[in-house]
Amino acid sequence: MRAIDTEVLVIGSGAGGATTAVRLAEAGRSVTIVEEGPEVHPDAVEPFSLEEMVAKYRHGGGAGALGQPPIAYTEGRCVGGSTEVNSGLWHRLPSELTEQWRSRYDIDEFDPATLDREAAAIEDELGVSSLPGPPPRSSAVLDEGATKLGWRSTEFPRVFRYDERGRGVKQTMARTFLPRALAAGAVLLPDCRITKLERAGDRVTGARARLTRADGTVEDVVLRADVVFVCGGAIHSPALLQRSGVRRSIGRGLKLHPTIKIAARFPFATDHDDVAMHRITEFAPAFTIGGSASRRGHVAMALAETAVPFEDALADWRNVGVYYAAIRSEGSGAVVAIPGLASPLVTYRLTPNDLSKLAQGLVALGEALLAAGAVELYPSVTGATVARSRADLASWWDAVTPKAANLMTVHLTSSIRMGERGHLAGTDSFGRVHGYANLHVNDASLLPDAPGVNPQAGIMAIASRNAAHFLTR
Ligand SMILES: Cc1cc2nc3c(=O)[nH]c(=O)nc-3n(C[C@H](O)[C@H](O)[C@H](O)COP(=O)(O)OP(=O)(O)OC[C@H]3O[C@@H](n4cnc5c(N)ncnc54)[C@H](O)[C@@H]3O)c2cc1C
């Protein structure tokens with residue numbers, strides 16, 4: 001079997017992996033980044049298109065956490081990870097959460113000032129900005145609805161750079177940190193899936209991988225490394241560690257931001273190429289309201305979730321946008337690697353209070369959309385009333401049940417928490433796996449709880465802090 005030697009092995013090239021790689025490579029370490037998914041040029045496929053789902057998503061976008069109700073989720077699987085497919089909405093970790101997490105999970109040197117400093121540096125490096133002009137119609141309706149109801153709404157900045165004509169380009173990892181890491185000498189192996197870590201006592205010596213060559217043939221390789229950073233995301237990092245026999249506090253405590261949706265029909269055409277930048281934050285942190293991808297296929301899927309005839313609304317899809325309410329859930333889940341299967345079993349248990357927050361979020365979202373001029377609302381609740389007036393929303397309170405609610409999420413965190421409390425945490429305060437001298441995790445898994453805001457900024461700030469700490473040792 002071919003062996004590849006490296007000083008640092010980074011597994012996964014998303015928000016956490018790319019940040020780790022650039023920090024270590026630019027500090028002069030010899031870094032190899034291994035990514036299971038393919039290398040797809042950021043401009044090769046249309047954002048939010050079917051082609052993008054096929055090229056850049058794991059399982060073409062379909063995966064689910066089992067539970068009552070089950071929760072569909074999606075993840076990127078390509079060079080750059082989920083940053084290639086996400087909406088780029090950027091929100092620093094709220095400082096009150098940082099304080100809470102530090103004391104609850106006993107995390108050393110974890111304070112708002114440090115994380116803000118890391119986030120500010122990343123914002124300068126990537127380019128994080130608000131729209132240079134007025135928002136698109138699909139986003140403005142959220143602001144208009146909130147204003148009419150006297151609710152708070154905000155335009156979120158995004159990881160975008162704008163040219164002088166106002167055209168925005170999302171600053172994904174494949175456009176930013178990965179090219180920088182490669183320029184500093186890092187090596188990137190796309191189409192290369194790490195199947196198992198190799199261990200000797202309290203050290204990892206490297207990993208076994210399956211590399212798919214350009215001609216489709218597969219080669220088994222072994223990567224030998226002095227240090228390993230596992231950055232496969234909140235589902236695949238714990239699965240890889242478990243498959244490798246590392247199990248203590250690994251894979252428990254998974255957190256999601258469950259979302260419930262509405263396909264809203266307006267008496268005017270709305271835009272479909274982007275995702276709303278406005279958020280209604282009146283009810284945060286319990287729940288927030290925002291907009292989803294709303295191409296024809298997304299509209300069709302969202303309409304179908306009410307399970308009533310929807311041909312007429314679909315024919316009018318240019319007037320339909322998809323919106324959601326996302327809750328900060330009290331429930332939690334687990335990731336369990338199953339021998340012989342490439343993907344782990346994922347479960348999630350919502351609490352009764354979570355379901356009632358989802359119902360509250362759905363009704364509030366309905367109110368905002370009606371206030372913004374929507375004439376017909378299809379909720380993602382099987383058999384629920386299609387609402388045309390505020391009075392119709394009342395029936396939704398009882399309709400949101402474990403059997404009828406169709407939920408999904410794109411935010412997955414907390415499956416390998418960081419901190420010094422061994423029974424709660426899988427790693428120390430800086431992502432080193434408890435009991436191992438040279439094995440680290442540095443991705444969404446480390447966040448001790450759901451952040452209640454878009455997680456990429458927090459994930460990258462923590463990953464950058466942990467890389468800096470590693471370099472000082
Ligand atoms: C559709 C969508 C929209 C989103 N919108 C936003 C948003 O607007 N704002 C925001 O802040 N967040 C958003 N997110 C979430 C955000 O993108 C993620 O939280 C973040 O990218 C997670 O970072 P990560 O490094 O943990 O994992 P990822 O970025 O998912 O990267 C993990 C990478 O590791 C690879 N990998 C896994 N296992 C292996 C293995 N065994 N061997 C080799 N490689 C492996 C995967 O293929 C993947 O490429 C969105 C996510 C999605 C899917």
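Because only heavy atoms are used, hydrogens play no part in the values below, and waters and symmetry mates are left out as well, while side chains stay in. We're numbering straight along the sequence, starting at 1. All ligand and atom numbering here is 1-based and tracks the order in the structure.
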Nearest protein heavy atom to [atom], by residue and atom, and its distance?
atom                    : value
atom 29 (O) of ligand 1 : Ser82 N, 3.1 Å
atom 12 (N) of ligand 1 : Pro455 CD, 3.6 Å
atom 22 (C) of ligand 1 : Ile459 CD1, 3.7 Å
atom 31 (O) of ligand 1 : Gly14 CA, 3.4 Å
atom 42 (N) of ligand 1 : Ile194 N, 3.0 Å
atom 43 (C) of ligand 1 : Glu36 N, 3.2 Å
atom 25 (O) of ligand 1 : Gly16 N, 2.8 Å
atom 27 (O) of ligand 1 : Gly233 CA, 3.6 Å

Val275 and Ala293: which non-hydrogen atoms are nearest, and at how many Å?
CG2-N, 3.7 Å
For the pair Phe430 and His469, name the ring-plane relationship: parallel under 30°, tilted 30 to 60°, perpendicular over 60°.
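Parallel: the ring planes of Phe430 and His469 meet at under 30°.
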Once you measure the plane-to-plane angle for His440 and Phe470, does it fall in the parallel (<30°), tilted (30-60°) or perpendicular (>60°) bin?
perpendicular
Would [X] and [Y] count as having a side-chain donor-acceptor pair, cut-off 3.5 Å?
X      : Y      : value
His236 : Arg77  : no
Ser153 : His278 : no
Glu118 : Ser464 : yes

Report yes or no: does [X] have a heavy atom closer than 4.0 Å to ligand 1?
X      : result
Tyr73  : no
Arg58  : yes
Ala463 : no

Flag the pair Met418 / Tyr105 as yes when at least one side-chain heavy-atom distance between them is below 4.5 Å, and no otherwise.
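Heavy-atom side-chain distance check fails, nothing below 4.5 Å.
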Decide yes or no for Gln100 and Arg104: does some side-chain heavy atom of the first lie under 4.5 Å from some side-chain heavy atom of the second?
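Side-chain contact under 4.5 Å: no.
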Test Arg213 against Asp191 for salt bridge (Lys or Arg N to Asp or Glu O under 4.0 Å), laying out the working first.
CA-CA 8 Å; Arg213 300 195 197 94; Asp191 297 305; over 6 Å; no
Within 6.0 angstrom of Arg296 CZ, more than 12 heavy atoms from elsewhere
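For Arg296, atom CZ is not crowded (no more than 12 foreign heavy atoms under 6.0 Å).
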Are there more than 12 heavy atoms of other residues, nucleotides or ligands under 6.0 Å from atom CZ of Arg102?
yes
What atoms of ligand 1 come closer than 4.0 angstrom to any heavy atom of Val34?
43 (C), 44 (N)
Taking only heavy atoms of Asn454 into account, list the atoms of ligand 1 that are under 4.0 Å away from them.
7 (C), 8 (O), 9 (N), 10 (C), 11 (O)
Determine whether Arg158 and Asp274 satisfy the following criterion, salt bridge (Lys or Arg N to Asp or Glu O under 4.0 Å), listing intermediate values before the conclusion.
CA-CA 12 Å; Arg158 297 187 297 169; Asp274 212 341; 3.1 Å; yes
Any N or O of [X] closer than 3.5 Å to N or O of ligand 1:
X      : value
Tyr57  : no
Glu75  : no
Cys78  : yes
Asn86  : yes
Thr74  : no
Glu35  : yes
Leu89  : yes
Ala444 : yes
Arg193 : no
Ile11  : no

Taking the six-membered ring of Phe156 as reference, does the NZ or CZ atom of Arg279 fall below 6.0 Å from its centre and within a 45° cone about the axis?
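Verdict for Phe156: a cation-pi partner in Arg279.
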For a salt bridge (Lys or Arg N to Asp or Glu O under 4.0 Å) check, start with the C-alpha distance between Asp449 and Arg417, then their side-chain angles and the critical distance, and finish with the verdict.
CA-CA 8 Å; Asp449 200 348; Arg417 295 194 198 101; over 6 Å; no
Out of [options], who is nearest to [atom] when you count heavy atoms only?
atom                    : options                      : value
atom 52 (C) of ligand 1 : Thr20, Leu412, Val410        : Val410
atom 23 (O) of ligand 1 : Gly76, Cys231, Ala15         : Ala15
atom 34 (O) of ligand 1 : Cys192, Ala457, Gly12, Gly80 : Gly12

Are Arg175 and Asp43 close enough, and set up right, to give a salt bridge (Lys or Arg N to Asp or Glu O under 4.0 Å), and what steps lead you there?
CA-CA 10 Å; Arg175 284 191 201 274; Asp43 295 324; 2.7 Å; yes
For ligand 1, which part of [X] has a heavy atom less than 4.0 Å away: the side chain, the backbone, both, or neither?
X      : answer
Trp90  : neither
His411 : side chain
His236 : side chain

Would Phe283 and Trp151 satisfy ring-ring contact (aromatic ring centres under 6.0 Å, His included), going step by step from the backbone distance to the final call?
CA-CA 9 Å; Phe283 308 96; Trp151 294 349; 4.8 Å; yes
Is the shortest side-chain N to carboxylate O distance from Lys255 to Glu330 below 4.0 Å?
no
